[in-house]
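Take a look at the structure below.
Since we're looking at a predicted model, the values are computed, not measured. Just so it is clear: chains get the letters A, B, ... in the order the sequence lines come, proteins before strands, and each one is counted from 1.
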Amino acid sequence: MPVHNSDISEVFNRTADYLDIKGENPFRIRAYRNAARIIGSLSRSVADMVAHEEDLTKIQGIGQDLAGKIKEIVKTGTLPLLEQLKRELSPELSALMEIPGLGPKRVKVLYDEMGIRSVDELRQAAEEGKVRTLPGFGAKTESVILEEIGKIKETKKGGLRLKLAVAEQVVEPLVGYLKKIAGVKEIDVAGSYRRRRETVGDLDILVACGQSCPVMDKFVGYEDVEKTLSRGKTRSSVVFRNGIQVDLRVVPEASYGAALLYFTGSKAHNIAIRKIAQKKKLKINEYGVFRGEKRIAGRTEKDVYKQVGLPWIEPELREDRGEVEAAQEKRLPRLVRLEDIRGDLHVHTTWSDGRSSLEDMAEAAKRLGYEYLAVSDHSKHVTVAHGLDEKRLSQQIKEIDRLNGKLKGLRLLKSIELDILESGSLDLPDRVLEDLDLVICSVHSKFNLSREKQTERIIRAMDNPHVHIFCHPTGRLINERRPYEVDLERVMNAAKERGCHLELNAHPDRLDLDDVECKRAKEIGLKVAIATDAHSLDDLRFMRFGVGQARRGWLEPEDVLNTKSWEELEGFLKRY
DNA sequence: GCCGTTTTCGGCCCGACTGTTTTCAGTCG
């Protein structure tokens with residue numbers, strides 16, 4: 001089993017939990033958490049770096065000690081320090097930290113005073129009314145603990161983070177409602193929603209308004225609110241009926257930019273910015289930038305960045321993945337925008353499992369201002385999708401030629417989404433592929449192959465000189481299906497060697513490649529096709545999610561295939 | 001445990017809200 005970056009990240013976070021419970025030096029704990037975060041969002045596989053004997057201390061936040069520990073984790077899958085801590089305390093103890101309201105200090109009290117070692121033991125003690133007798137605990141805390149334990153099982157099966165598209169459906173009416181309240185001058189959805197993360201844990205709404213504005217009352221009284229968690233003058237938290245937590249923060253106009261920066265995060269980005277401020281003898285908080293007592297900026301985000309000597313940084317980049325350094329060195333990417341997109345390279349029609357006709361899809365693409373649309377229905381092996389065989393594909397090609405004759409301003413590209421068979425061969429013969437403008441291919445079956453076999457299978461498919469794009473490269477479905485085992489780095493390098501490209505599937509359930517993988521593709525020098533995989537007219541609008549993910553992956557217009565005109569694109573589709 | 005235009009020691013981001021406090025610790029973001 002290869003050790004992934006996320007595995008290393010997990011080991012470090014667990015270790016930090018235990019050190020935290022033991023009351024170790026908080027800065028040592030921070031170093032572990034910091035390392036967990038950095039490794040988790042690194043675009044290179046650390047296991048690969050170890051295999052190539054690269055110097056891990058080159059990674060910011062990793063010193064001699066952690067570099068050694070990473071090597072141990074890569075070799076053995078675990079860390080002796082963590083195993084020892086688990087033995088010393090209890091293997092299930094860190095699970096207690098997952099319960100909201102319980103941090104290291106309280107877990108330590110539970111352990112020291114009552115010998116509580118697991119969630120089950122905690123539940124029992126709470127049910128017997130013993131927890132409330134502990135120092136720092138009370139009846140309220142005890143009932144909250146019981147309530148949260150009850151929720152653990154529900155959330156585990158559902159997946160706690162909401163997909164961005166689902167969050168959008170909640171947010172838009174809420175923002176519409178809040179905007180109408182008299183006195184509200186500015187409103188933004190901040191947090192991971194603004195950073196366009198693929199999922200959001202909660203929603204952070206920021207409002208600028210005067211002191212007498214009733215926005216807080218109106219917010220907790222909103223029709224979707226099921227429960228109010230906290231209610232203050234400047235901050236309130238509620239839970240909506242669908243389970244999502246929504247926080248509202250109210251600030252004066254003069255602080256709006258500082259607050260927007262603060263609440264957009266990420267936390268790691270904010271820390272990086274504040275550290276720079278500190279060196280300049282400045283203090284940044286959600287109310288502004290301060291020199292001593294005096295506020296010197298805060299009205300806009302741009303003002304705040306300017307005070308620390310930085311240009312404004314796009315929200316999608318704010319993950320402390322190198323954007324702060326890039327800003328300092330004036331080499332921030334000029335991120336791709338939705339307006340740069342000139343066409344969609346992966347859509348389905350009623351010829352296979354799409355719900356809209358070829359002609360309707362073409363008209364919808366025209367309305368979006370696209371110059372081209374690739375009609376890429378499934379091939380025959382995907383029988384459930386009514387995939388096209390050779391004969392029906394030839395018929396569709398004729399139909400596309402006919403439509404292209406009468407469509408003005410939009411070119412339909414003759415395409416197909418070929419199924420990659422287990423052997424790596426494709427399920428239509430080369431002679432029909434020659435008549436197509438674009439050939440894309442995907443894995444739709446046999447997700448359980450070994451990493452080696454899956455990787456070989458995909459690379460073999462790209463060996464076929466007619467193939468242009470490998471679609472939804474990891475096969476994952478957000479919150480539903482893990483990626484299949486595949487050496488994506490090898491696939492990327494193989495694609496690069498062959499003049500193939502990778503898709504960033506813009507469907508909000510997929511967003512596959514993810515942000516980190518996009519960044520890696522760019523570093524390798526691959527072009528990415530942002531495509532919707534639309535099965536209906538509405539789905540064509542998924543492009544915004546794909547562009548958001550691409551922006552998180554630092555992609556610029558030149559990194560994206562479908563920002564090109566058809567003439568340019570044709571050139572990129574020539575195989576080496 | 002990491003890091004360095006404060007460079008091998010001595011620092012390490014900042015504030016709101018809650019509950020259990022009698023002046024604040026713990027947790028969260």
Side-chain angles (χ1 to χ4, degrees), chain A residues 12 15-16 19-21 23-38 56-70 79 81 96-110 131-145 148 190-193 195 200-206 216 228-238 245-251 255 258-259 261-290 304 308-309 320 324 328:
Chain A
F12 281 162
T15 307
L19 294 173
D20 223 345
I21 294 166
E24 280 277 348
N25 175 359
F27 298 108
R28 182 180 177 212
I29 295 159
R30 187 184 292 176
Y32 277 95
R33 294 214 190 276
N34 194 35
R37 187 186 57 75
I38 289 162
L56 299 177
T57 62
K58 291 259 161 65
I59 303 168
Q60 186 69 222
I62 306 297
Q64 284 299 330
D65 183 272
L66 288 178
K69 289 192 166 78
I70 289 170
L79 183 66
L81 171 63
L96 295 184
M97 297 251 305
E98 310 274 315
I99 298 170
L102 289 189
K105 300 291 191 307
R106 282 181 172 156
V107 170
K108 183 170 164 54
V109 170
L110 290 167
V131 171
R132 69 180 69 185
T133 64
L134 292 169
F137 289 78
K140 173 81 183 177
T141 308
E142 187 178 74
S143 72
V144 168
I145 286 172
E148 291 295 341
S192 46
Y193 185 85
R195 304 199 313 277
V200 298
D202 57 15
L203 289 166
D204 301 289
I205 318 280
L206 182 68
M216 209 50 109
T228 303
L229 298 175
S230 69
R231 164 95 172 71
K233 272 206 278 287
T234 65
R235 196 182 94 197
S236 295
S237 289
V238 302
Q245 183 177 325
V246 187
D247 297 344
L248 178 69
R249 195 60 198 239
V250 178
V251 296
S255 295
L261 176 65
Y262 177 80
F263 286 103
T264 297
S266 65
K267 190 174 167 181
H269 177 83
N270 289 346
I271 290 174
I273 298 297
R274 284 194 208 131
K275 276 186 184 163
I276 297 174
Q278 229 180 10
K279 283 188 188 149
K280 295 180 185 290
K281 309 279 187 211
L282 300 173
K283 184 178 76 171
I284 297 183
N285 58 27
E286 57 262 58
Y287 299 106
V289 184
F290 295 84
V304 176
V308 292
D320 194 22
V324 176
Q328 285 173 319

Q. Among all residues two or more places apart in sequence or in another chain, which pass the salt bridge (charged side-chain N to carboxylate O under 4.0 Å, His left out) test with A/D320?
A. A/R37

Q | Residue list, salt bridge (charged side-chain N to carboxylate O under 4.0 Å, His left out) with A/D247, at least two apart or on another chain | A | none

What integer distance in Å separates [X]:[atom1] from [N]:[atom2]?
X: A/I145; N: B/dT20; atom1: CD1; atom2: P; value: 10 Å
X: A/L19; N: B/dG1; atom1: CG; atom2: P; value: 8 Å
X: A/L229; N: B/dT18; atom1: CG; atom2: P; value: 10 Å
X: A/L206; N: B/dA16; atom1: CG; atom2: C1'; value: 14 Å
X: A/E142; N: B/dG19; atom1: CD; atom2: C1'; value: 14 Å
X: A/E24; N: B/dG1; atom1: CD; atom2: P; value: 8 Å
X: A/N285; N: B/dC14; atom1: CG; atom2: C1'; value: 7 Å
X: A/I271; N: B/dC14; atom1: CD1; atom2: P; value: 10 Å

Q. Start at the 5' end of DNA chain B and walk down; is the nucleotide closest to A/G138 or to A/I284 reached first?
A. A/I284

Q: For A/L282 and for A/P135, locate the closest nucleotide of DNA chain B by heavy-atom distance; then report the residue assigned to the nucleotide nearer the 5' terminus.
A: A/L282

Taking the [atom1] atom of each, how far is [N] from [M], in whole Å?
N: B/dC17; M: B/dG11; atom1: P; answer: 32 Å
N: B/dT21; M: B/dT27; atom1: C1'; answer: 15 Å
N: B/dC2; M: B/dT6; atom1: P; answer: 22 Å
N: B/dC12; M: B/dA16; atom1: C1'; answer: 22 Å
N: B/dT8; M: B/dC14; atom1: P; answer: 24 Å
N: B/dC28; M: B/dT20; atom1: P; answer: 15 Å

Q) For A/R235, which residues count as a side chain to side chain contact (heavy atoms under 4.5 Å, CB included) partner, sequence neighbours excluded? A) A/R249

**Q.** A/T57: side chain to side chain contact (heavy atoms under 4.5 Å, CB included) partners, not counting sequence neighbours
**A.** A/D55, A/Q64, A/A67

Q: Please examine the side chains of A/Y32 and A/K69, heavy atoms only from C-beta on, and report whether any two atoms are closer than 4.5 Å.
A: yes

Q. Any side-chain heavy-atom pair from A/I70 and A/F12 closer than 4.5 angstrom?
A. yes

Q: Going by the side chain to side chain donor-acceptor pair (under 3.5 Å) test, name the single residue among A/R28, A/R33, A/K108, A/R30 that passes it with A/D20.
A: A/R33

Go through the structure and list residues passing side-chain hydrogen bond (donor to acceptor under 3.5 Å, both in side chains) with [X], not counting sequence neighbours.
X: A/S266; result: none
X: A/E98; result: A/R14
X: A/T264; result: A/R194

Produce the list of close N/O pairs, under 3.5 Å, pairing protein atoms with atoms of nucleotides 2-4 of chain B; give distances to one decimal.
| from | atom 1 | to | atom 2 | distance (Å) |
| --- | --- | --- | --- | --- |
| B/dC2 | OP1 | A/G63 | N | 2.8 |
| B/dC2 | OP1 | A/G63 | O | 3.4 |
| B/dC2 | OP1 | A/L66 | N | 3.1 |
| B/dC3 | OP1 | A/G61 | N | 2.6 |

Sugar-phosphate only, base, or nothing, as touched by [X] at under 4.0 Å among non-hydrogen atoms:
X: A/K69; value: sugar-phosphate
X: A/S237; value: nothing
X: A/N34; value: nothing
X: A/I273; value: nothing

Q | Nucleotide nearest A/R28 when distance is taken to its side chain, options B/dA16, B/dG1, B/dC12 | A | B/dG1

Q | Short side-chain N/O contact to B/dT20 OP1/OP2 from A/T141, under 4.0 Å | A | yes

Under 3.5 Å between N/O atoms: give me all the protein pairs with nucleotides 25-29 of chain B, atom names plus distance.
| from | atom 1 | to | atom 2 | distance (Å) |
| --- | --- | --- | --- | --- |
| B/dT27 | OP1 | A/G103 | N | 2.6 |
| B/dT27 | OP1 | A/G103 | O | 3.2 |
| B/dT27 | OP1 | A/R106 | N | 3.0 |
| B/dT27 | OP2 | A/K105 | N | 3.4 |
| B/dT27 | O5' | A/G103 | N | 3.4 |
| B/dC28 | OP1 | A/G101 | N | 2.5 |
| B/dG29 | N2 | A/Y262 | OH | 2.2 |
| B/dG29 | N3 | A/Y262 | OH | 3.4 |

Q: Sort out the partner of B/dC12 for me: Watson-Crick or G-U wobble, both distances under 3.5 Å, none otherwise.
A: B/dG1

Q. Do side-chain atoms of A/E142 reach the backbone of A/V131 as a donor and acceptor pair under 3.5 angstrom?
A. yes

